[in-house]
Amino acid sequence: MTTPLGGPTRILIADDQEDVRSGFRLILGSQPDMTVVGEAADGLTAVELARTLRPDLVLADIRMPGVDGLEVTRRLAGPGVPDPMRVLVVTTFDHDDYVRTALRDGACGFLLKRSGPGLLIEGVRAAMAGDLLISPQITVRLLQNLAPAPAPAASTAPSPLTVREQEIARLVAEGLTNAEIGEKLFITAGTAKTHIANVQAKLKVRNRVGIAAWSWENGAGRPGPTGVARIPDTPVTPAAGPRSARRDPSRELPAPRPPSPLPYARLYAPSAT
């Protein structure tokens, strides 16, 4: 698995819905460090293009003609693949079995299409940095299923976190976004993000999943109810203060349409500049 030196992240989009591919292309193409090098409307074409183009990252839907996105992930990033690629699954379907299968077979993230542009961009950058990003409501549900029925006993060992950081960890475990944490604690979303980064460093975990797991193991938090936790709306440029969690239709990806019946592929020639 190679990392690009210098140039923008080269991305292949695999989705059987033309308007979703168009939406992804516009979102990713607006970032100076990303470029779309090809598109595929079915799984077999996605695998062939990926092996030909060798993109830095493949965005793969799950339900596609030919072979599905889980099989695409296994063929490109699964165990035994000589030179695995990064595959980020972006789909409408958040079934737990899909998540587990994708991660087991090497996916570097699992995002829902309704997450919005901010999390899509963050997911690409996280994958390229070697991290793994999962839509928060999926994370909450998976960890909720893993959480033991009885409440864990409070640890007698001193916590590595300050009182405020323990409070932050508890709210992360409940599935709150940075903006919601800020509103609850009367701090800015940027300050909440800084606290979360400090908590990750102290706990030596890579993401919010690790924070939530630590919180539950130490009795400091509880899983949020399924369907209540919302996607962090992470902008490219952080906002100066807490933002409303009200739904903004302009930030959502196009609504799904029936899959195209024919294989489709598109290549993009590199820019002359």
Legend entry - Side chain to side chain, Val90 and Leu88, heavy atoms closer than 4.5 Å: yes

Inset, instruction - Evaluate the side-chain proximity of Phe24 to Pro117: yes if any heavy-atom separation is below 4.5 Å, no if none is. - result: no

Inset, instruction - Show the numbers, then the answer: is there a side-chain contact (heavy atoms from CB on, under 4.5 Å) between Leu185 and Ile168? - result: CA-CA 9 Å; Leu185 300 182; Ile168 294 284; 3.5 Å; yes

Legend entry - Sidechain-backbone polar pair: Arg10 side chain, Leu53 backbone, donor-acceptor under 3.5 Å: yes

Legend entry - Donor-acceptor contact below 3.5 Å, side chain Ser115 vs main chain Leu112: yes

Inset, instruction - Only counting residues at least two apart or in another chain, list the ones meeting side chain to side chain contact (heavy atoms under 4.5 Å, CB included) with Asp68. - result: Leu70, Glu71

Inset, instruction - Rounded to the nearest 0.5 Å, what's the gap from CG on Asp15 to CD1 on Ile62? Could you check? - result: 11.0 Å

Inset, instruction - Sequence neighbours left out, what passes salt bridge (Lys or Arg N to Asp or Glu O under 4.0 Å) with Arg164? Give chain and number order. - result: Glu167

Inset, instruction - Grab the two heavy atoms, one from Ala127 and one from Leu57, that are nearest each other, plus how far apart they are. - result: CB-CD1, 4.0 Å

Legend entry - Steps toward side-chain contact (heavy atoms from CB on, under 4.5 Å) verdict (His195, Ile187): CA-CA 11 Å; His195 279 307; Ile187 58 178; 4.1 Å; yes

Inset, instruction - Find the distance between CD (Gln166) and OG (Ser215) and round it off to the nearest 0.5 Å. - result: 9.0 Å

Legend entry - Side-chain H-bond candidate by donor/acceptor type, Thr188 with Thr191, under 3.5 Å: yes

Legend entry - Minimum side-chain heavy-atom gap Val67-Arg75 below 4.5 Å: yes

Inset, instruction - Please tell me if the side chains of Leu203 and Pro160 come closer than 4.5 Å, counting only heavy atoms from C-beta onward. - result: yes

Legend entry - Straight-line distance of Ile11 CD1 to Leu28 CG, nearest 0.5 Å: 4.5 Å

Inset, instruction - Report yes if the side chains of Asn198 and Lys193 come closer than 4.5 Å at any heavy-atom pair, otherwise no. - result: no

Inset, instruction - Any chance you could lay out the side-chain contact (heavy atoms from CB on, under 4.5 Å) test for Val58 and Leu49, step after step, and finish with the verdict? - result: CA-CA 10 Å; Val58 177; Leu49 279 182; over 6 Å; no

Inset, instruction - May I ask you to test the Ile13-Arg25 pair for a side-chain heavy-atom distance under 4.5 Å? - result: yes

Legend entry - Spacing of Phe110 atom CZ and Thr73 atom OG1 [to the nearest 0.5 Å]: 9.0 Å

Legend entry - Qualifying residues under salt bridge (Lys or Arg N to Asp or Glu O under 4.0 Å), relative to Lys202, sequence neighbours excluded: Glu165

Legend entry - Any donor-acceptor N/O pair, Thr194 side chain to Gly190 backbone, under 3.5 Å: yes

Legend entry - Non-hydrogen side-chain atoms of Leu103 and Ile134 separated by less than 4.5 Å: yes

Inset, instruction - Could you tell me whether the side chain of Asp33 reaches within less than 4.5 Å of the side chain of Val124, counting heavy atoms only? - result: no

Legend entry - Nearest-0.5 Å distance, OG1 of residue Thr91 to CG of residue Leu59: 12.0 Å

Legend entry - Ala102 to Val89 - nearest heavy-atom pair and separation: CB-CG2, 4.1 Å

Inset, instruction - Mind checking the CD-CD1 spacing from Gln31 to Ile121? Nearest 0.5 Å is all I need. - result: 3.5 Å

Inset, instruction - Indicate yes or no for a side-chain donor-acceptor contact from Arg74 to the backbone of Asp105 under 3.5 Å, with no hydrogens or angles considered. - result: no

Legend entry - Side-chain ion pair, Lys113 and Asp61, N-O less than 4.0 Å: yes

Inset, instruction - Look only at the side chain of Ser22 and the backbone of Glu18, and say whether a donor-acceptor pair between them is shorter than 3.5 Å. - result: no

Legend entry - Closest approach of Arg86 to Cys108 (non-hydrogen atoms, all atoms of both residues): CB-SG, 3.9 Å

Legend entry - Atom of Leu76, atom of Val81 and distance for their closest heavy-atom approach: O-CG1, 3.6 Å

Inset, instruction - Search all heavy atoms of Asp42 against all heavy atoms of Pro65 and return the closest pair with its distance. - result: CB-O, 3.4 Å

Legend entry - Over all atoms of both residues, closest heavy-atom pair of Met128 and Asp56: CE-CB, 3.8 Å

